[in-house]
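In what follows, a structure is listed as structure tokens, so that the remarks can point back to it.
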Amino acid sequence: MRITIRLFGRLHDLAGATELVRELAGAATVATAWTVLAEEFPAIAPYARSVSAAVNADFAKMTTPLADGDEVAFLPPVSGG
Amino acid sequence: MRITIRLFGRLHDLAGATELVRELAGAATVATAWTVLAEEFPAIAPYARSVSAAVNADFAKMTTPLADGDEVAFLPPVSGG
Amino acid sequence: MAELIRLVSGDEPGEPPAGHGAIVTFIGTVRGENQGRKVVRLEYEAYEPLALRAFGVIADEVRNRWPSARVAFHHRTGSLALGEASVMVVAASPHRAEAFSACRYVIERVKQIAPVWKREFFEGGDVWIEGAAADASDEASSEEAYRRACE
Amino acid sequence: MAELIRLVSGDEPGEPPAGHGAIVTFIGTVRGENQGRKVVRLEYEAYEPLALRAFGVIADEVRNRWPSARVAFHHRTGSLALGEASVMVVAASPHRAEAFSACRYVIERVKQIAPVWKREFFEGGDVWIEGAAADASDEASSEEAYRRACE
């Protein structure tokens, strides 16, 4: 399946991109997308424990399954206000 | 001594006056002024326990001594806001 | 209101701007209903020189309790229509906790000790509202206001 | 700000006016100092559609916790100079306790879950500020916000 990955805050600085399109094989979840991304950009790996995620602009968990065409967003700890 | 008494809120409705000048004999305190007033206007007597007082526009106690020319104010429970 | 905000969030001349990142305001307006009565308007009476003194007491208390906070507040008098603001409080502080607490503390203290009286005109009559016996030196009521301010 | 106040304090058409006698606002402004650094400006980035969803979650939580309160809030994005407001919250309620609590709760929740990131440009560099891991479904952080709102 083909998914769009969006990166925010320091994550897009570390990966050098705000939006990426990647192919995932088989039954992928948000965690799959994160693993693929962290292998490609090891600098983001330390965020594994603090990152949260959204799928199609709704809050999601690492276990949320993905479908072809989904938009997955990875969110570093937020700092609004 | 001659003192000016000011009444606020429901107290001036009950006494029918906002400002009164009265003569007090001897070593008078705020309590003396209140007693004189409550005798003249029995309707205000129930406020004996909830009334507070000011002398010359500063917070005072019932035991505060008065001097000639003082302005004593009697304040029913307040209700600003 | 904008004037009160300017008062508390403005910086001293020559200082770097915007040290006070949190501004909390409270506005009290005249409600159309009170204890089942249909309110038509309110009339506020104040003992003005004593009110200013009470406001000074409150400002001093805030300075002692939250040294980093600045507050400004105003109470109107006279006849107020429904929806009109009767009281405004603005508190500014570097961080939000103090600004919320100082703002809440001020309105609690104004209600406890400011020599202001509210006469409610409702459909069918009028009544003087009476709340707290004003005692600016009563520690217990100051502590109660502090407790409500949650700090 | 005036627009947000109008949103929460306005009454339904045909209703008697001014049921909401207490209005509490919070304004967060850009401070000139943070952790010893001299701040020059801030840049806020948001994931906008998710931010709107997060704001909806917060508004629903407020409705459940304080049924009598109404809230409106706004967060700016982009580059902000010192002293500029980044976030505004307005809460209105018939009585002040709920208005203070709802206002404080909203800003706590915005900081916990809104997908907004602050990049601080200070004298000598810049840094992404990172606070809470955004988890809108985490009961513990919602309870923590509620505790800070003191109700």
Side-chain angles (χ1 to χ4, degrees), chain C residues 1-2 4-6 8-11 15-35 38-42 80-97 99-101 103-108 110-111 123 147-151, chain D residues 1-2 4-6 8-11 15-35 38-42 80-97 99-101 103-108 110-111 123 147-151:
Chain C
M1 189 66 165
L4 291 186
I5 291 180
R6 199 191 58 72
V8 294
S9 58
D11 295 84
E15 263 185 34
H20 289 70
I23 302 168
V24 174
T25 76
F26 173 79
I27 307 171
T29 66
V30 180
R31 297 169 59 222
E33 184 275 336
N34 186 33
Q35 302 184 324
K38 281 202 165 184
V39 177
V40 178
R41 66 184 176 90
L42 295 181
L80 268 66
L82 297 192
E84 279 195 90
S86 55
V87 61
M88 293 183 181
V89 181
V90 179
S93 193
H95 300 287
R96 68 190 179 285
F100 271 101
S101 295
C103 186
R104 178 81 195 261
Y105 183 82
V106 167
I107 183 62
E108 297 298 329
V110 165
K111 292 177 84 83
E123 288 187 0
R147 197 189 58 73
R148 292 193 179 189
C150 300
E151 266 297 282
Chain D
M1 191 64 166
L4 291 186
I5 292 179
R6 200 192 56 73
V8 294
S9 57
D11 295 83
E15 262 184 35
H20 289 71
I23 302 168
V24 174
T25 76
F26 173 80
I27 306 172
T29 66
V30 180
R31 297 169 58 223
E33 183 276 334
N34 186 32
Q35 301 184 325
K38 280 201 164 184
V39 178
V40 178
R41 66 183 175 89
L42 296 182
L80 269 67
L82 298 192
E84 278 196 89
S86 55
V87 61
M88 292 184 181
V89 180
V90 179
S93 192
H95 300 287
R96 68 190 179 285
F100 271 101
S101 295
C103 186
R104 177 82 194 261
Y105 183 82
V106 168
I107 184 60
E108 296 297 330
V110 165
K111 292 177 84 81
E123 286 187 2
R147 196 190 58 72
R148 292 193 180 187
C150 301
E151 264 297 279

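Everything numeric in this text was worked out from a predicted model, so none of it was measured. Numbers restart at 1 for each chain; the letters A, B, ... are given by sequence-line order, proteins then strands.
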Under 3.5 Å, side chain of D/Thr29 to main-chain N/O of C/His20, donor-acceptor pair present?
yes
Which value, rounded to the nearest 0.5 Å, describes the distance between C/Cys150 atom SG and D/Arg147 atom CZ?
10.0 Å
Point-to-point distance, once rounded to the nearest 0.5 Å, from CZ of C/Phe100 to OG of D/Ser101
9.5 Å
D/Val24, D/Val90, D/Thr25 screened by side-chain contact (heavy atoms from CB on, under 4.5 Å) with C/Thr25, the one that passes
D/Thr25
Between D/Pro94 and C/Arg31, what is the shortest heavy-atom contact and its length?
O-CD, 3.4 Å
Can you tell if the side chain of D/Arg96 reaches within under 4.5 Å of the side chain of C/Lys111, non-hydrogen atoms only?
yes
